[in-house]
Amino acid sequence: MLDIRMFRDHADVIRADYDKRGIPHDSIDAVISLDEAWRKSQYDADQLRRKRNEAARGIAAAKKAGDEEAFALIKSEVDSIASEIEKLGVKAEQLQTERDAIRMSVPNILHESVPAGNDEEGNTQHSMHGMKPEFSFDPRTHNELIEMNKWVDLPRAAKVAGSRFYFLKGDLARLDLALQQYAVDFINSKGYTFVQPPAMMNRHAYEGVTDLGDFESVMYNVQPDGLYTIATSEHPLTAMFMDEVIEPSLLPIKMVGVSPCFRREVGAHGQGDKGIWRVHQFTKIEQIIISHPDDSWDFHEELLTNCVELWNNLGLHYEVVNICTGDMGTVAAKKYDLEAWLPGRGEYKEVVSCSNCTDYQANRLRMRYRTPDGNSAVHTLNSTAVATSRALVAIMEQYQLEDGRVQVPECLISRMNGKTHLEPCEW
RNA sequence: GCGGACGUCGCAUAGCCUGGUAUCGCGCCGGAUUUGAAAUCCGGUGGUAAUUUACCGCGGGAGUUCAAAUCUCUCCGUCCGCGCCA
């Protein structure tokens with residue numbers, strides 16, 4: 001959510017952003033006119049309240065003096081004011097609710113370096129990393145590899161849970177755990193505090209960190225308690241400081257979180273989503289920074305640098321993409337994706353997303369820091385370090401051998417008890 | 001799950017019984033003093049607005065009342081004890 005002051009004082013900035021995104025200005029105009037009407041109603045109601053309070057002050061004195069006549073006089077005056085206040089107050093509340101409903105849908109202001117474009121075709125390449133692996137045979141897709149090695153059991157998972165769930169087995173499951181530990185240790189060594197968050201959140205906190213549409217298409221709703229399973233640890237870790245005023249000396253707050261992530265993936269279908277590429281549950285190691293507004297752009301680059309180092313250490317080939325206006329979504333002001341090369345499929349596919357949300361989440365969550373002129377919204381940033389299911393796919397496809405086995409990336413061998421190759425499961 | 005206590009500005013706390021202007025302390029910010037720091041002193045430190053002022057605000061919601069932090073109901077949360085439990 002944008003600061004209401006943006007609409008009052010810098011509407012031209014929002015308009016320029018809308019032009020860049022190619023959307024009409026209707027919602028901006030609506031917010032501005034509703035805000036003006038709300039301020040007027042609010043002011044009028046305040047003036048009436050003032051009148052009432054002034055009159056009511058005489059009541060205590062009249063009561064004490066036992067002057068019933070004066071009391072009755074004042075009471076009738078107060079009563080008539082009260083009904084007017086009631087009417088104006090309801091009106092003001094409606095206006096504010098309507099204003100903020102529209103304001104919630106207004107997207108964040110994009111950074112100037114975000115390329116223009118209508119969809120993912122408009123994303124631009126930021127950088128290329130690692131060597132594209134060469135094969136003396138036809139590289140297999142991860143779907144083929146998990147099946148021939150019996151590393152993933154999808155039918156039985158469908159039986160006990162549903163489609164897009166999986167049992168991860170044997171050496172691949174061990175690799176998943178090794179990846180988690182390696183990624184957590186790596187980011188932790190950069191000065192990020194390791195945090196394990198709750199895997200469920202209540203509605204109120206969740207509304208602060210996500211689009212309303214996500215409640216239908218992304219999150220599982222757990223009844224009868226009305227909780228939502230988290231789609232990423234970004235959500236609890238960002239909401240962790242909601243409604244708080246943070247001492248500036250505590251900033252930046254840097255965290256590395258690990259959690260299971262649950263996604264309903266409503267509407268996701270197709271051949272390209274087979275296997276464990278797009279699933280209802282996976283584990284993700286996430287970087288989170290809560291920063292002073294002046295520092296957030298430097299930290300955005302730091303998050304990307306951490307990812308690049310981590311993925312280079314895994315020895316994988318990938319590109320970094322600068323997400324364009326049409327592919328951005330509402331929350332981020334700028335976003336980089338890492339897209340890993342999947343030789344079996346012959347495509348680069350998204351494995352990491354690295355965003356600066358500036359004050360957009362903080363405004364809704366009321367996360368502020370103390371300044372000499374009052375409290376002001378902090379900036380929030382988030383970036384995947386590793387989503388294990390997708391990293392496993394990239395490792396399997398890039399490190400595969402002709403016999404279907406998979407080499408273990410150098411940096412993970414010690415966490416695999418010295419194992420250098422993933423061996424098939426017997427069943 | 002049962003019983004009890006409690007929820008007040010960043011933290012901590014008074015006010016609640018007996019309804020009528022949000023208390024004291026710590027921390028933080030600014031200023032004075034100082035070579036610098038500490039100590040000391042002064043001021044500020046919830047939100048909104050049309051900002052010398054006004055309104056709102058004491059976990060959320062509702063009610064009683066001219067008037068609610070204060071009384072009533074309800075929901076949420078925390079702590080303590082008991083029970084259950086990886």
Side-chain angles (χ1 to χ4, degrees), chain A residues 1-10 31-100 103 196 198-208 221-228 236 239-253 260 290 292-294 359 362-378:
Chain A
M1 184 166 71
L2 296 180
D3 193 327
I4 189 65
R5 283 171 296 191
M6 285 297 293
F7 292 88
R8 289 175 191 161
D9 307 330
H10 306 289
V31 170
I32 291 172
S33 69
L34 284 166
D35 181 52
E36 279 168 5
W38 168 73
R39 283 209 280 178
K40 178 147 182 21
S41 293
Q42 186 69 19
Y43 181 76
D44 291 345
D46 277 359
Q47 292 309 307
L48 285 172
R49 285 197 187 95
R50 177 187 191 172
K51 260 171 81 179
R52 182 195 60 188
N53 291 346
E54 277 167 0
R57 239 163 258 155
I59 285 187
K63 272 278 189 192
K64 237 177 224 168
D67 188 344
E68 286 302 324
E69 206 174 309
F71 171 74
L73 195 71
I74 296 169
K75 178 168 159 31
S76 73
E77 187 187 349
V78 165
D79 281 348
S80 74
I81 298 173
S83 70
E84 276 189 77
I85 292 172
E86 175 75 23
K87 269 185 279 175
L88 264 174
V90 168
K91 187 181 162 201
E93 207 178 307
Q94 278 171 356
L95 287 165
Q96 191 179 25
T97 303
E98 202 183 333
R99 179 196 77 179
D100 287 340
R103 183 155 70 113
Q196 294 189 26
M200 297 185 201
M201 291 172 64
N202 62 45
R203 176 97 195 188
H204 175 67
Y206 227 133
E207 281 176 353
N221 187 353
V222 181
Q223 294 301 344
D225 299 292
L227 295 169
Y228 294 85
M240 192 173 175
F241 293 89
M242 66 188 281
D243 295 321
E244 293 194 28
V245 178
I246 303 169
E247 289 296 338
S249 59
L250 289 177
L251 298 176
I253 297 169
I290 297 167
H292 190 284
D294 293 347
D359 62 358
N363 279 326
R364 220 189 289 182
L365 290 166
R366 291 174 36 84
M367 273 163 58
R368 298 145 293 159
Y369 69 104
R370 214 179 278 291
T371 79
D373 308 317
N375 299 327
S376 188
V378 296

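Letters A, B, ... mirror the listed sequences (proteins, then strands); counts begin at 1. Because only heavy atoms are used, hydrogens play no part in the values below, and waters and symmetry mates are left out as well, while side chains stay in.
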Notebook entry, point to check: Sequence neighbours excluded, which residues qualify as salt bridge (charged side-chain N to carboxylate O under 4.0 Å, His left out) partners of A/Lys40?
Noted result: A/Asp44

Checklist line | Gap between atoms CG and C1', on A/Leu251 and B/G10 respectively (whole Å) | finding: 13 Å

Next item on the list: Starting at atom CG of A/Asp243, determine the distance to atom P of B/G77, rounded to an integer number of angstrom.
Entry: 16 Å

Note to self: Which residues pass the salt bridge (charged side-chain N to carboxylate O under 4.0 Å, His left out) test with A/Asp35, not counting sequence neighbours?
What the structure shows: A/Arg8, A/Arg39, A/Arg99

Note to self: Please give the distance between the C1' atoms of B/G7 and B/C58 as a whole number of Å.
What the structure shows: 10 Å

Notebook entry, point to check: Roughly how far apart are A/Glu244 CD and A/Arg366 CZ, rounded to 0.5 Å?
Noted result: 11.5 Å

Check: What integer number of Å spans the C1' atoms of B/C2 and B/G10?
Finding: 37 Å

Check: In Å and rounded to the nearest 0.5 Å, what is the CE to CD1 distance from A/Met6 to A/Ile32?
Finding: 10.5 Å

Within the sub-3.5 Å range, which N or O atoms of nucleotides 84-86 of chain B have a protein N or O partner, and how far apart are they?
none

Next item on the list: Measure the spacing between CD1 of A/Ile85 and CZ of A/Arg50 and express it to the nearest 0.5 Å.
Entry: 13.0 Å

Next item on the list: Check side-chain contact (heavy atoms from CB on, under 4.5 Å) between A/Asp100 and all other residues, then give those that pass, not counting sequence neighbours.
Entry: A/Gln96, A/Arg103

Notebook entry, point to check: Can you find a side chain N or O atom of A/Arg203 that sits less than 4.0 Å from OP1 or OP2 on B/C76?
Noted result: no

Notebook entry, point to check: Taking atom P in both B/C41 and B/U51, what distance in whole Å separates the two?
Noted result: 36 Å

Notebook entry, point to check: Once you round it to whole Å, what is the distance between P of B/C11 and CG of A/Leu250?
Noted result: 13 Å

Notebook entry, point to check: With the sugar-phosphate defined as primed atoms, P, OP1 and OP2, and the base as all remaining atoms, what B/S/- string results for nucleotides 42-49 of chain B, 5' to 3', for protein heavy atoms under 4.0 Å?
Noted result: ---SSSSS

Check: In this structure, are over 12 heavy atoms from other groups packed under 6.0 Å from A/Glu93 atom CD?
Finding: no

Is there any protein nitrogen or oxygen under 3.5 Å from a nitrogen or oxygen in nucleotides 21-24 of chain B, and what are the pairs?
none

Next item on the list: Would you kindly compare A/Glu247 and A/Asp44 by the position of their nearest RNA chain B nucleotide and give the one closer to the 5′ end?
Entry: A/Glu247

Check: For the pair made of CD in A/Glu244 and P in B/C28, what is the distance, rounded to whole Å?
Finding: 18 Å

Notebook entry, point to check: P atom, B/C84 versus B/G1: distance in rounded Å?
Noted result: 15 Å

Check: What integer number of Å spans the P atoms of B/U18 and B/C11?
Finding: 31 Å

Checklist line | Separation between CZ of A/Phe241 and CG of A/Leu250, rounded to the nearest 0.5 Å | finding: 8.0 Å

Next item on the list: Identify, with sequence neighbours excluded, every residue that meets side-chain hydrogen bond (donor to acceptor under 3.5 Å, both in side chains) alongside A/Glu247.
Entry: A/Arg370

Next item on the list: Would you please name every residue forming a side-chain hydrogen bond (donor to acceptor under 3.5 Å, both in side chains) with A/Asn202, sequence neighbours left out?
Entry: none

Next item on the list: Measure from CZ on A/Phe241 to C1' on B/G10 and round the result to the nearest Å.
Entry: 13 Å

Item checked: Residues which pass side-chain hydrogen bond (donor to acceptor under 3.5 Å, both in side chains) with A/Arg364, listed by chain and number, not counting sequence neighbours -> none

Note to self: My understanding is that only residues two or more places apart in sequence, or in another chain, count here; which of them pass side-chain hydrogen bond (donor to acceptor under 3.5 Å, both in side chains) with A/Arg52?
What the structure shows: none

Next item on the list: Write down the atom of A/Leu95, the atom of A/Ser41, and the distance for their closest heavy-atom approach.
Entry: CD1-OG, 3.6 Å

Checklist line | Range-with-range stems for RNA chain B, at least three Watson-Crick or G-U pairs under 3.5 Å | finding: B:1-7 with B:76-82, B:27-32 with B:40-45, B:46-49 with B:53-56, B:59-63 with B:71-75

Note to self: Between B/C24 and B/C42, how many Å separate the two P atoms, rounded to a whole number?
What the structure shows: 13 Å

Margin query: What's the separation between atom CD in A/Glu84 and atom CG in A/Leu48, rounded to the nearest 0.5 Å?
Written below: 5.5 Å

Notebook entry, point to check: Say you pick atom P in B/G15 and the same atom in B/U23; how far apart are they, in whole Å?
Noted result: 14 Å

Next item on the list: On RNA chain B, check which nucleotide each of A/Lys40 and A/Ala45 is closest to and give me the residue with the more 5' one.
Entry: A/Lys40

Notebook entry, point to check: Considering residues at least two apart in sequence or located in another chain, which fulfil the side-chain contact (heavy atoms from CB on, under 4.5 Å) criterion with A/Met201?
Noted result: A/Ala205, A/Tyr206, A/Val209, A/Ile230, A/His235, A/Pro236, A/Ala239

Notebook entry, point to check: B/A62 and B/A68: how far apart are their C1' atoms, nearest whole angstrom?
Noted result: 13 Å

